[in-house]
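Here the structure is a predicted model, which means the values were calculated and not measured. Counting starts at 1 for both ligands and their atoms, in listed order.
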Amino acid sequence: MLDQDLRNQFPIINQEVNGHPLVYLDSAATSQKPQQVIDAISHYYTYDNSNVHRGVHTLGNRATEGYEGAREKVRRFLNAKSTEEIIFTRGTTTALNLVAQSYGFANVEAGDEIVITYMEHHSNIIPWQQLAKAKGATLKYIDLEEDGTISLDKVRETVTNQTKIVSVMHVSNVLGTINPIQEITKIAHENGAVMVVDGAQAAPHLKVDVEALDCDFYAFSGHKMGAPTGIGVLYGKKAHLNKMEPVEFGGEMIDFVGLQESTWKELPWKFEGGTPIIAGAIGLGAAIDFLEKIGLDNVEKHEHELAAYALERMKEIEGITIYGPDNAEARAGVITFNLEEVHPHDLATVLDMNGIAVRAGHHCAQPLMKWLKVSATARASFYVYNTKEDIDRLVDGLRIAKEYFTDVI
Ligand code: 7TS
């Protein structure tokens, strides 16, 4: 277990909500930020704020060093070969749309297939739906096993030599399942398709190695891993990125502009039109420093321990349904559940009255809700600052909610 000292580095956690000490269990939506990240952003705006890549004055050079230094931190974090392969975006959604609009529009034709799974987040569904519609391609779904895991046999059944793109989430934001990306990538490549990975729920929680995964693209958001909102990353293999056209045009991304024709900067800047997200990238760099100091292995271990404890304790409550695999090793720190007839929004409201923050709804995964045959669920998600005591508080809160609604019903 990670210790209290670490928890104390997140200033927001030490507050009361509705008269109770806050228990924040909504990190899959967005994580809280450590002081180190808040300080890095504050330092940037206090001392270094300037625009980047203009190379004339000292503040401009400092801002450029901060921004490009963050890119190098991301490269190391993902074990990418080169910073040319690291594109800063607004988040996972923007990164996936970039792949669909640039790589997808250039490489997918009528009759081709794009393959995703039933568990995807809307951000990894709609860009492909739009691409499939525009091109007359087919969007196919890999079915899930009963416990919400992906079997490689089903992947082999679905991916064919007509498939051009396979796009799968690394970790589910609903079921918490850790998907076998390396193996799925191999199947995609055997069929001549590229592999896109939605890493929004993986990068914050486990060691990602894009070289070992061998995926073609990997997308994630900073705000789920201690960094501010508005910054994310698209990793892409240089061979693909070199051939791809930008999707945003304007300042910063150009080399030469003529009256009718223009040329683009080299990688990665040709994909970063406009003044970039400088403070965000610096904050992301600080968040990476923070996570690497703890060690991603320790983060993952901590979440497995919390998930195991939560699965065990939550099962004590009669009438609870927990979705996803029973084995905590197969999942990151996400537990999605329903409590008898209580609507998840009502449940989340009673928990909030007791200082406990969970999410309720469809979690931007409506096809998965349909697959689970529910319209909504409640979800508790953990991060480095959570403790077993937080889970005890959740279980107490669920008991209070159950009693409350039993009386009402
Ligand atoms: N992919 C997955 C797997 C996600 O969990 C999310 C956000 C996204 C993509 C989109 O990330 P964004 O930063 O571009 O918005 N997931 C959630 C969630 O589970 N609750 O709120 C946001």
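Protein heavy atom in closest approach to atom 5 (O) of ligand 1: Gln201 NE2, 2.7 Å. Of all protein heavy atoms, the one lying nearest to atom 17 (C) of ligand 1 is Lys224 NZ, 3.1 Å. When only non-hydrogen protein atoms are considered, atom 4 (C) of ligand 1 lies nearest to His121 CD2, 3.3 Å.
In summary, the atoms of ligand 1 found under 4.0 Å from a heavy atom of Met169, numbered by their order in the structure, are 3 (C). Ligand 1 places these atoms under 4.0 Å from at least one heavy atom of Asn173: 5 (O), 18 (C), 19 (O). Using a 4.0 Å cut-off to heavy atoms of Thr92, the atoms of ligand 1 that qualify are 9 (C), 11 (O), 14 (O).
Using a 4.0 angstrom heavy-atom cutoff, Arg379 counts as in contact with ligand 1. Residue Asp198 places a heavy atom less than 4.0 Å from ligand 1. Judged by the shortest distance from any of its heavy atoms, His223 lies inside the 4.0 Å radius around the atoms of ligand 1.
Looking at Ser221 against ligand 1, only its side chain comes within 4.0 Å, counting heavy atoms.
With no hydrogens or angles considered, no side-chain donor-acceptor pair links Ser31 and Tyr385 at under 3.5 Å.
We find that Lys265 and Glu272 are not joined by a salt bridge, their nearest charged nitrogen and carboxylate oxygen being 4.0 Å or further apart. Of the charged side-chain nitrogens involved, at least one lies within less than 4.0 Å of a carboxylate oxygen, so that Glu316 and Arg313 count as a salt-bridged pair. Taking 4.0 Å as the cut-off between side-chain N and carboxylate O, Asp326 and Lys315 count as a salt-bridged pair.
Each side chain to side chain donor-acceptor pair (under 3.5 Å) pair with one or both residues in residues 278-289, not counting sequence neighbours, appears once here: Lys73-Asp289.
For ligand 1, the polar-atom distance check finds no N/O of Ser123 at less than 3.5 Å from any of the ligand's N/O atoms. Not a single N or O atom of Thr94, backbone or side chain, sits closer than 3.5 Å to an N or O atom of ligand 1. Any N or O atom pair closer than 3.5 Å counts here, and Thr93 shares at least one such pair with ligand 1.
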Under the criterion side-chain contact (heavy atoms from CB on, under 4.5 Å), I'd like the reasoning laid out for Arg379 against Asn173: C-alpha separation, chi angles, the key distance, then a yes or no. CA-CA 9 Å; Arg379 178 186 71 184; Asn173 63 321; 3.9 Å; yes

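Using a 30° and 60° split on the angle between ring planes, His345 and His343 fall in the parallel class, below 30°.
Each of Asp216, Val194, Val166 was scored for a side-chain contact (heavy atoms from CB on, under 4.5 Å) with His189, with one residue passing: Asp216.
Counting only heavy atoms from C-beta outward, the side chains of Lys154 and Thr117 never approach each other to under 4.5 Å.
Among Glu120, His363, Arg359, the residue whose heavy atom lies closest to atom 18 (C) of ligand 1 is Arg359.
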